[in-house]
Amino acid sequence: MALPLARLALSIGAFLALPHAGTLRMCEADPCGGVFLDTSRSQKRRWCAMESCGNRVKAQRHRRRLKAEAVKPEKGKA
Ligand SMILES: [Zn+2]
């Protein structure tokens with residue numbers, strides 16, 4: 001049972017040792033927590049997949065901002 005894990009660790013080590021390997025990062029999308037390899041030149045990737053996690057985070061942020069803006073004028077009244 002330990003063998004597949006050891007093999008995985010070995011392959012990850014070999015993979016990271018490659019000169020072109022990017023930075024191993026954690027996906028910033030909340031329910032994901034996945035790990036991905038940032039091979040972008042700027043090293044500023046924040047999600048494992050822009051199509052799923054990136055869009056989800058952006059939509060969440062957008063909804064939160066809309067909510068915050070909707071709440072603001074009510075504060076003065078109450
Ligand atoms: Zn993700």
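Indexing begins at 1, ligand by ligand and atom by atom, following the structure's order.
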(Q) To the closest 0.5 Å, what do you measure between CG (L37) and CZ (R45)? (A) 8.5 Å

**Q.** side chain to side chain donor-acceptor pair (under 3.5 Å) against S40, all qualifying residues, sequence neighbours excluded
**A.** D38

**Q.** Contacts of the Zn ion (ligand 1) with protein N/O/S atoms, counting only those under 2.8 Å
**A.** C27 SG, C32 SG, C48 SG, C53 SG

Q: Report yes or no: does R61 contribute a side-chain atom to a donor-acceptor pair with the main-chain N or O of R64 at less than 3.5 Å?
A: no

Q. Are R25 and K44 close enough that some pair of their side-chain heavy atoms sits under 4.5 Å apart?
A. no

Q) Shortest non-hydrogen contact from W47 to C53? A) CB-CB, 3.9 Å

Q. Closest approach of F36 and R46, non-hydrogen atoms and distance?
A. CZ-C, 3.7 Å

